[in-house]
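Quick notes on the structure that follows.
We count ligands from 1, going down the list as the structure has it; atoms in each ligand are counted the same way.
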Amino acid sequence: MYGIDTDRPTDAAGAVDLRSDTLTRPTAGMRRAMAEAEVGDDVYREDPTVNALEERVAELFGHEAALFVPSGTMGNQIGLRLVCEPGQEVLGDADCHVLTYEMGAAAALFGLSSRTVVSPGGRLSADQFIAQVRPHGDWHLTPTAAIAVENTHNRGGGLVQPLAELQELFQWSRGAGVNVHLDGARVFNAHVASGVPLSTYGRLADTASVCLSKGLGAPAGSVLVANADRIAAGRLWRKRLGGGMRQVGVLAAAMQYALDHHLERLAEDHEHARLLAERLGVDPETVETNMVVVQGVPAPAVAAAAKAQGVLVGQVSADRIRLVTHLDVDRAGIDRAAKVITEVLRDLR
Ligand SMILES: Cc1ncc(COP(=O)(O)O)c(C=O)c1O
């Protein structure tokens, strides 16, 4: 079932694009699967390809049910709303995607309050979160209803969260009446890097949003998993948000294809990231999955100079660039990027 798909397109402009793993374009095989997808109206729940995908992903993550959503942001925000009522609080780390990059959606759309703890490098510490949780039933305090966890951690440079911390937090949360939401946009990378089963990661969260449009290479599409009651409620939230789509089996087919062909190959992206780190003098210990962060460099100047030579890099801050390996960058692209960035850094120093 799993296999490496070598049928990938080359960038028309010949650029090596390391800005993000969201930049992958559907391969020829994926496009064929999309063209041949059996479809129906998913708002009527009559799209067989979506229904099969939801069943598959629910099972993979050890949950009762699942809901196709068009984006990771929608999956996260519906997930949070399902475990947090208006006026209650979501606790997350200061760099987490749900509170950093999702446009204040939890507050703007749902009236959820949020608070952050600073976790160095995005690394989860269960004790740190537990110490900050505020109880229900106190007339002075905003109660903490949910804790948001991100695995792998984007601003943490693709860090894989320690399993023991995830377990401690989840076990504690059972007795505390607090829910855990997993932003699993890159949980597939975490799984491939750590060998921890997807079902283990899934069962350590009450709601989890997982993306097929990042390293797995689908053009769009995420899946929210939870228990059946929550997913039924999530379906209504998806409709309210305008995320109820019709013959969306064409996307679900790409997502199925991604699971069949692009999951195991994430190991290749991780290997490429380690290789890039070595070549650029970045500590390989800081590279756990498909991201390399180069610190202490003039990011805008590096990005501009590299771009002039056909290598695109991400700018995380004024002094940090990020390189993300993915399906559309092969070994030759990695070699070329390493050479160009090494020269750019040397010239700018
Ligand atoms: C960690 C993380 N969570 C969620 C998202 C949101 O996904 P989307 O862009 O599909 O809304 C992203 C996007 O890059 C992400 O990196």
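Annotation: atom 1 (C) of ligand 1 to nearest protein heavy atom, Glu150 OE2, 3.3 Å. The protein heavy atom nearest to atom 11 (O) of ligand 1 is Thr73 OG1, 2.6 Å. Nearest non-hydrogen protein atom to atom 10 (O) of ligand 1 is Gly72 N, 2.8 Å. Of all protein heavy atoms, the one closest to atom 13 (C) of ligand 1 is Lys214 CE, 3.2 Å. When hydrogens are left out, the protein atom nearest atom 12 (C) of ligand 1 is His97 NE2, 3.1 Å; that is the closest non-hydrogen contact.
In the displayed structure, Glu271 atom CD is contacted under 6.0 Å by more than 12 heavy atoms of other residues, nucleotides or ligands. Heavy-atom neighbours of Glu59 CD from other residues, nucleotides or ligands within 6.0 Å: at or below the threshold of 12.
Residue Ser71 has at least one heavy-atom neighbour below 4.0 Å for each of these atoms of ligand 1: 10 (O), 11 (O). For ligand 1, the atoms sitting less than 4.0 Å from at least one non-hydrogen atom of Ala185 are 1 (C), 2 (C), 3 (N), 4 (C), 15 (C), numbered in the order shown with element in parentheses. Residue Asn76 has at least one heavy-atom neighbour below 4.0 Å for each of these atoms of ligand 1: 3 (N), 4 (C). Atoms of ligand 1 lying under 4.0 Å from any heavy atom of Glu102, numbered from 1 in the order shown and given with element: 4 (C).
At a 3.5 angstrom cut-off on N or O pairs, Asp183 counts as close to ligand 1. The shortest N or O to N or O distance between Thr152 and ligand 1 is not under 3.5 Å.
A donor and an acceptor atom, one from each side chain of Asp21 and Asn290, are located under 3.5 Å apart.
Relative to the ring axis of Tyr201, Arg203 does not place its NZ or CZ within 45° and under 6.0 Å from the centre.
Centroid-to-centroid, the aromatic rings of Phe170 and Phe129 stay 6.0 Å apart or farther.
Partner Val313 forms a side chain to side chain contact (heavy atoms under 4.5 Å, CB included) with one of Ile341, Val292, Val294, Val344 and no other, that one being Ile341. Put simply, the residue from Arg81, His97, Glu150, His181 that forms a side-chain hydrogen bond (donor to acceptor under 3.5 Å, both in side chains) with Asn76 is His181.
Assignment of Met74 to the shell around ligand 1 is not supported, since no heavy atom sits closer than 4.0 Å. Proximity of Arg186 to ligand 1 is established by a heavy-atom distance of less than 4.0 Å.
Note on Ile78: it does not cluster hydrophobically with Val248, by side-chain heavy-atom contacts below 4.5 Å among ILVMFWY residues.
At least one donor-acceptor pair under 3.5 Å links the side chain of Asp47 to the backbone N or O of Gly40.
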